[in-house]
There are 2 protein chains.
Amino acid sequence: MIRRIPQARERGIPDATVARLPLYLRALNGLAERGTATVSSEDLALAAGVNSAKLRKDLSHLGSYGTRGVGYDVQYLIYQISRELGLTQDWAVAIVGVGNLGRALANYGGFVSRGFRVAGLLDADPAVVGDHIAGLTVEHSDGLEAVIRKRGVSIVVIATPATAAQQVCDRVIAAGVTSILNFAPVVLTVPDGVDVRKVDLSIELQILAFHEQRKVSGGPMMAEDWAGEAG
Amino acid sequence: MIRRIPQARERGIPDATVARLPLYLRALNGLAERGTATVSSEDLALAAGVNSAKLRKDLSHLGSYGTRGVGYDVQYLIYQISRELGLTQDWAVAIVGVGNLGRALANYGGFVSRGFRVAGLLDADPAVVGDHIAGLTVEHSDGLEAVIRKRGVSIVVIATPATAAQQVCDRVIAAGVTSILNFAPVVLTVPDGVDVRKVDLSIELQILAFHEQRKVSGGPMMAEDWAGEAG
DNA sequence: GCCTGTGAATAAATTCACAGCG
DNA sequence: CGCTGTGAATTTATTCACAGGC
């Protein structure tokens, strides 16, 4: 029988924990900006919106970075989590598809601030190519492979229409990219070893609707005097 | 702290299942468009990107809507899932914050197509108020409460800067909204009974970076400061 | 035979509760 | 003492595997 060796150190961090580390990091940065030097698991958990037992368990997967009876040193913990997430490195990101969403992403401050650098904006539409967005010039997606290779892009954000997503996906994988963030509402087919994360705006709304439906017995309020102004 | 929504007594569908139903729904709609009448759990699972056992278990929580030896009737299953998610109703959604992201959301086809209707676009910036986006006119956020009441808004999307998010959140809750989709990178504090879902663009990138870091032993090509870590 | 639906088994995640250190 | 770190207990989710209907 093959038994998994529990790597107490830095290997084998649960997915659920990894997904929360950015949350803790953001809460810690907020504390740091307000000049807080140390924080207890209770307070940090509150700021991050989780419970303290979970927070301590999560952090314990990284190592013993707290001090019993005191709490965690904010700056030190920021560094440790950043290192664990790989944010002490500089990641070049290319955004493919410069529609409304692509523009929003390019201008999103959170990308640049944490180890990510938008190294390329690409679009297939000649009407968009040449636009200046967030200090970059939109390039034609014909040059996708060249941009990836020349600028060391390791993460690609797909913000194209659904119909183009798989094709873009195939091309960037062929160019060596193994990390993709997909905003197109389509399931991408990728070979083993390629990591795809998906953000689906409408799915979140649908989940909300499910819960909303359960709350209100009579369904949503009726829009009585809604006069559509479209058209 | 996270409060469980007044859970349905009759059928407690697991959260993990609810989160996947929209995925199945999209896969089914794709099949329907191509004229497929029935589909096996195997094929539907493939289209949705999950495994078939999970799919069958998920669907079993809704009822027995399949036919042994045959599969599921596509149209019927679409209806059942839609009903379960509350998408057979018409949900009025207001988007607060009409920056790049807000515009992207307003133009996002997936909203309108599935039981959601953008009933209001609001922003605090007078320079934006009056803009026409996706067939709507941007209104000043002073009128937030009025818009919510008059147009029967039951779900609010917060796409404001982080600094404004909590204030907007408080106002919409005071106006009776109990379902919020938050794109601002901040943890919202809400009373019990209010359901908040969060979409955080940078968190997804950070999770990708974590996995990417583990794949590539040498790190990304453009790593500038390679602090010698004893590995 | 084929494929669903589902108990049982397994795995993962969360929470409890307290030992142990500062 | 207070607060972390963590085994143990609990809850939740996934996967297996096959009974049972078509």
Side-chain angles (χ1 to χ4, degrees), chain A residues 1-21 23-24 27-28 31 36-74 76-77 80-81 84 207 211, chain B residues 1-5 7-8 11-21 23-24 27-28 31 36-74 76-77 80-81 84 207:
Chain A
M1 165 190 270
I2 299 169
R3 193 160 56 88
R4 205 164 82 180
I5 301 163
Q7 307 267 8
R9 271 299 173 87
E10 298 190 16
R11 303 289 159 159
I13 298 179
D15 286 347
T17 294
V18 172
R20 282 187 295 265
L21 290 179
L23 220 62
Y24 303 153
L28 284 164
L31 290 167
T36 308
T38 62
V39 66
S40 69
S41 65
E42 195 71 44
D43 290 349
L44 180 53
L46 192 70
V50 302
N51 81 33
S52 62
K54 191 187 285 182
L55 177 100
R56 289 199 301 278
K57 180 72 94 184
D58 283 343
L59 294 184
S60 76
H61 288 114
L62 311 189
S64 290
Y65 297 142
T67 306
R68 287 162 201 247
V70 178
Y72 301 91
D73 181 278
V74 172
Y76 185 58
L77 196 51
Q80 290 298 344
I81 294 179
E84 196 65 50
I207 295 170
H211 291 300
Chain B
M1 62 183 65
I2 295 165
R3 281 280 165 270
R4 180 166 289 249
I5 312 290
Q7 197 71 359
R11 275 202 235 111
I13 299 180
D15 286 347
T17 294
V18 172
R20 281 187 296 263
L21 291 180
L23 222 60
Y24 303 153
L28 285 164
L31 291 167
T36 308
T38 61
V39 65
S40 69
S41 65
E42 195 69 46
D43 290 349
L44 180 53
L46 192 71
V50 303
N51 80 34
S52 63
K54 191 187 287 182
L55 176 98
R56 289 199 302 279
K57 180 70 97 182
D58 283 343
L59 294 184
S60 76
H61 288 113
L62 310 190
S64 291
Y65 297 141
T67 307
R68 289 163 200 247
V70 178
Y72 302 90
D73 182 278
V74 172
Y76 185 57
L77 196 50
Q80 289 299 344
I81 294 178
E84 196 65 52
I207 295 170

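We name chains A, B, ... by the order of the sequence lines, and we start the count at 1 in each one. Below, each value reflects all heavy atoms present in this structure, side chains not excepted, and no hydrogens, waters or symmetry copies.
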Rounded to whole Å, how long is the line connecting atom NE2 of B:H61 with atom P of C:dG7?
10 Å
Shortest non-hydrogen contact from B:N51 to B:A45?
C-CB, 3.7 Å
Provide, to the nearest angstrom, the distance between the CG atom belonging to A:D73 and the C1' atom belonging to D:dT4.
15 Å
Is the phosphate of C:dT4 approached by B:T67 (side-chain N or O, under 4.0 Å from OP1 or OP2)?
no
Separation of D:dG5 P from A:L44 CG (nearest whole Å):
12 Å
Of D:dA8, D:dT4, C:dA13, the nucleotide closest to the side chain of A:P14 is C:dA13
For a quick test of reading the model, state the closest non-hydrogen atom pair linking B:L59 to B:I81 and the distance between them.
CD2-CD1, 4.1 Å
Quick check for you: among D:dG5, D:dT4, D:dA13, whose closest atom lies nearest to any side-chain atom of A:S64?
D:dG5
Taking atom OG1 of A:T38 and atom CG of A:D43, what is their separation to the nearest 0.5 Å?
9.5 Å
Which nucleotide in the set C:dG5, D:dT4, D:dA13 lies at the smallest distance from any side-chain heavy atom of B:Y72?
C:dG5
Rounded to whole Å, please give me the gap between NZ in A:K54 and C1' in D:dT4.
18 Å
Atom CG of B:L59 to atom C1' of C:dT4: distance rounded to whole Å?
10 Å
Using atom CD of B:E42 as one end and atom P of C:dG1 as the other, report the distance to the nearest whole Å.
17 Å
Any side-chain heavy-atom pair of A:Y24 and A:V50 under 4.5 Å
yes
By nearest-heavy-atom nucleotide on DNA chain C, the more 5' of A:D58 and A:V70 is A:D58
Return yes when atom CD of B:Q80 has more than 12 non-hydrogen atoms of other residues, nucleotides or ligands closer than 6.0 Å, and no otherwise.
yes
I need the CG-C1' distance between B:L62 and C:dG5, as an integer number of Å.
13 Å
Compare the minimum distances between each of D:dG5, D:dT15, C:dT4 and the side chain of A:S60, then state the nucleotide with the smallest one.
D:dG5
The nucleotide from D:dG5, C:dG5, D:dA13 with an atom nearest the side chain of A:R68 is D:dG5
With a 4.0 Å limit, can you tell me whether A:S41 has a side-chain N or O closer than that to the phosphate oxygens OP1/OP2 of D:dT4?
yes
Taking atom P of D:dT14 as reference, at what distance in whole Å does atom CG of A:D15 sit?
12 Å
A:G71 or A:K57: which one's nearest nucleotide on DNA chain D is closer to the 5' end?
A:G71
Would you say a side-chain N or O of A:R56 is under 4.0 Å from OP1 or OP2 of C:dC18?
no
B:N51 vs D:dT15: side-chain N/O to OP1/OP2 distance below 4.0 Å:
yes
